[in-house]
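Before any comments, here is the structure.
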Amino acid sequence: MPSWQHVTYSNEIGPEHYGKQLTVGGWVQDLRNLGGISFLQLRDRSGVIQVTLLKKRSKELFDLAAGIPRESVVLVSGTVKESKEARAGFEIIPEKIDILSKAEAPLPLGVIDKVGADLDTRLNNRFMDLRKDEVKAIFQVKAKTLTGIRNYLTSEGFVEVSTPKIVAAGAEGGSTLFPIKYFDRSAFLAQSPQLYKQNLMASGLDRIFEIAPAYRAEASDTIRHIAEFMSLDVELAFIRSSEDVMAVAEGIVMASLQHVREHARAELEKLGVTVDLPAAPFPRVKYKEAVEMVCGEGLKIRPGDDLGTEGEKALGDVMKREKRSELYFITEFPTSLKRGTFYAKRYDEDPETTGYFDLDYRGQEIVSGGQREHRYDVLTEQMRENNLNLDSFEFYLKAFRFGMPPHGGFGFGVERYVQKMLDLPNVREAVLYPRDRSRLIP
Ligand code: AMO
């Protein structure tokens with residue numbers, strides 16, 4: 001136990017404590033009063049402890065416990081006793097109960113009630129919602145996913161960086177920019193570290209990643225769009241083609257799924273989820289082929305159209321039916337579709353096509369990227385085609401004039417990944433305090 005820890009947590013208590021005194025702390029989940037005996041369920045970060053109170057042993061403690069409102073925070077000091085009836089295999093016979101913080105009644109949200117509250121009520125009372133094991137488990141899995149990602153990228157020689165989130169220009173199209181007032185100038189919240197991660201490719205720090213929030217003023221309310229999401233951004237130089245970039249995305253997924261399988265067993269059990277390791281390499285479905293597959297499902301998508309939510313879902317259905325893979329790349333996106341992406345490299349032999357790819361997981365895009373255009377003259381031409389004012393991109397363009405290696409990378413939506421991994425109905429379930437059109441508090 002670290003020196004700063006003063007309570008013993010439920011998962012630290014074992015047979016070696018039987019007959020000994022200790023102090024536990026947590027929230028009063030429930031109290032069952034059977035007349036002469038009562039059972040107080042004390043929940044801490046790792047489980048539930050049974051505190052058994054006998055009226056004849058101490059009427060004072062018995063009455064005190066009876067009056068503690070549910071979800072109050074208490075410290076209980078007492079003796080650990082082996083118990084066949086208690087779920088954890090032991091109970092605490094208290095000598096002292098300190099009420100540290102009394103909860104008001106009624107509770108804004110039930111913690112052990114079987115009736116599920118709607119997502120809005122849960123999010124409005126997130127601290128309370130997180131007291132539920134299966135909700136807490138989502139964020140424990142998310143943290144372990146990030147550890148798996150960091151371990152993998154670090155071991156592959158990628159350097160973790162941080163780039164500014166207050167920026168002067170967007171890279172992903174003006175419609176989803178959040179303008180902000182920056183002293184006496186106007187600025188934006190960063191939609192993506194795109195320009196900076198490419199800038200770094202000219203620095204010698206040419207294998208980088210960043211895990212940070214990205215901001216999008218998304219016009220519509222959907223189950224997969226939020227205004228602030230955690231973006232894993234990767235960029236690497238001296239690549240031969242988008243295939244080298246895809247291999248990194250694949251490596252991240254394999255390593256992080258493996259990490260979660262090994263290190264989040266208990267959490268996955270609480271969520272009733274099994275995480276399978278897909279076979280690698282993941283299938284590559286060319287965009288053209290994907291359109292045909294989606295049309296075969298009865299959707300009307302013309303070549304050159306975005307697959308959209310419905311198209312992605314339909315493609316996921318086909319991949320599932322054909323038992324191909326839950327994770328697959330859609331490759332060779334047409335230039336017209338990635339037109340807004342002025343930085344995408346087009347095929348030299350077929351400028352209508354790019355090496356750009358998406359990685360989809362169970363019918364939803366989670367990653368998007370590819371090889372960038374690193375040749376200054378071609379890049380500026382593509383920017384002009386997109387009606388961009390080159391002057392506002394001077395810091396970005398300058399790096400291409402003084403030695404820029406071929407490079408590529410991708411943006412990886414962390415919450416969408418966790419959502420799909422855990423089969424959650426809405427991406428907001430994987431965000432502690434989601435931001436969207438209607439949600440700014442808490
Ligand atoms: P893109 O805009 O496709 O690409 O975003 C990359 C990934 O980020 C996630 N994502 C979102 N997740 C939740 N809510 C949103 N509103 C949202 N928007 C995007 C998705 C998506 O696949 N600069 C490029 C990446 C690159 O080429 O490196 C970019 O931002 O999972």
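Quick note: residue numbers are just sequence positions, from 1. Start at 1 and go down the list; that is how both ligands and their atoms are numbered.
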Legend entry - Side-chain (Thr176) to main-chain (Glu218) donor-acceptor, under 3.5 angstrom: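 Absent.
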
Inset, instruction - Please check if the side chain of Gln382 supplies one atom and the backbone of Ala344 the other of a donor-acceptor pair under 3.5 Å. - result: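 Yes.
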
Legend entry - Structural part of Ser192 in contact with ligand 1, heavy atom criterion under 4.0 angstrom: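 Only the side chain of Ser192 comes within reach of ligand 1.
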
Inset, instruction - Answer side chain, backbone, both or neither: which part of Val234 comes under 4.0 Å from ligand 1, heavy atoms only. - result: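 Neither part.
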
Inset, instruction - Would you indicate whether the side-chain heavy atoms of Arg375 and Lys345 approach each other to under 4.5 Å? - result: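 They are in side-chain contact.
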
Among protein heavy atoms, which lies nearest [atom], and at what distance?
atom	value
atom 23 (N) of ligand 1	Gln194 OE1, 2.7 Å
atom 20 (C) of ligand 1	Arg416 NH1, 3.7 Å
atom 27 (O) of ligand 1	Arg372 NH1, 2.8 Å
atom 19 (C) of ligand 1	Phe229 CZ, 3.4 Å
atom 21 (C) of ligand 1	Glu365 OE2, 3.2 Å
atom 7 (C) of ligand 1	Gly411 O, 3.6 Å

Inset, instruction - Work out which heavy atom in Asp360 is nearest to a heavy atom in Asp358; give both atom names and the distance. - result: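 Of all heavy-atom pairs spanning Asp360 and Asp358, the closest is OD1-CB, 3.7 Å.
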
Legend entry - Minimum heavy-atom distance Ser46-Tyr9, with the two atoms named: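 Minimum heavy-atom contact is OG-CB, 3.8 Å.
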
Quick one: sort the [X] and [Y] rings into parallel, tilted or perpendicular, breaks at 30° and 60°.
X	Y	result
Phe393	Tyr396	perpendicular
Phe329	Phe357	perpendicular
Tyr287	Phe333	tilted

Legend entry - ligand 1 N/O within reach of Glu172 N/O, cut-off under 3.5 Å: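 N/O-N/O distance below 3.5 Å exists for this pair.
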
Inset, instruction - Could you tell me whether Glu235 and ligand 1 have an N or O pair separated by under 3.5 Å? - result: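 The answer is no, given that Glu235 and ligand 1 share no N or O pair closer than 3.5 Å.
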
Atom indices of ligand 1, in the order listed, that fall short of 4.0 Å to a heavy atom of [X]:
X	answer
Lys197	26 (C), 28 (O)
Val367	22 (O)
Phe410	26 (C), 28 (O)

Inset, instruction - Pick whichever of Ile366, Ile226, Leu232 has a heavy atom sitting closest to atom 31 (O) of ligand 1. - result: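 Among Ile366, Ile226, Leu232, the closest heavy atom to atom 31 (O) of ligand 1 belongs to Ile366.
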
Legend entry - Closest candidate by heavy atom, reference atom 30 (O) of ligand 1, pool Arg216, Gln198, His225: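 Among Arg216, Gln198, His225, the closest heavy atom to atom 30 (O) of ligand 1 comes from Arg216.
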
Any atom of ligand 1 sitting under 4.0 Å from a heavy atom of [X]?
X	result
Gly369	yes
Tyr343	yes
Arg224	yes

Inset, instruction - Report yes or no: do Thr163 and Lys165 form a side-chain donor-acceptor pair below 3.5 Å? - result: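 There is such a pair (donor and acceptor under 3.5 Å, judged by atom type) between the side chains of Thr163 and Lys165.
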
Inset, instruction - Establish, from distance only, whether the side-chain atoms of Tyr433 and Arg428 form a donor-acceptor pair under 3.5 Å. - result: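 No.
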
Legend entry - Evaluation steps, ring pair (Phe, Tyr, Trp, His ring centres under 6.0 Å), between Phe395 and Tyr196: CA-CA 9 Å; Phe395 97 87; Tyr196 293 93; 5.0 Å; yes

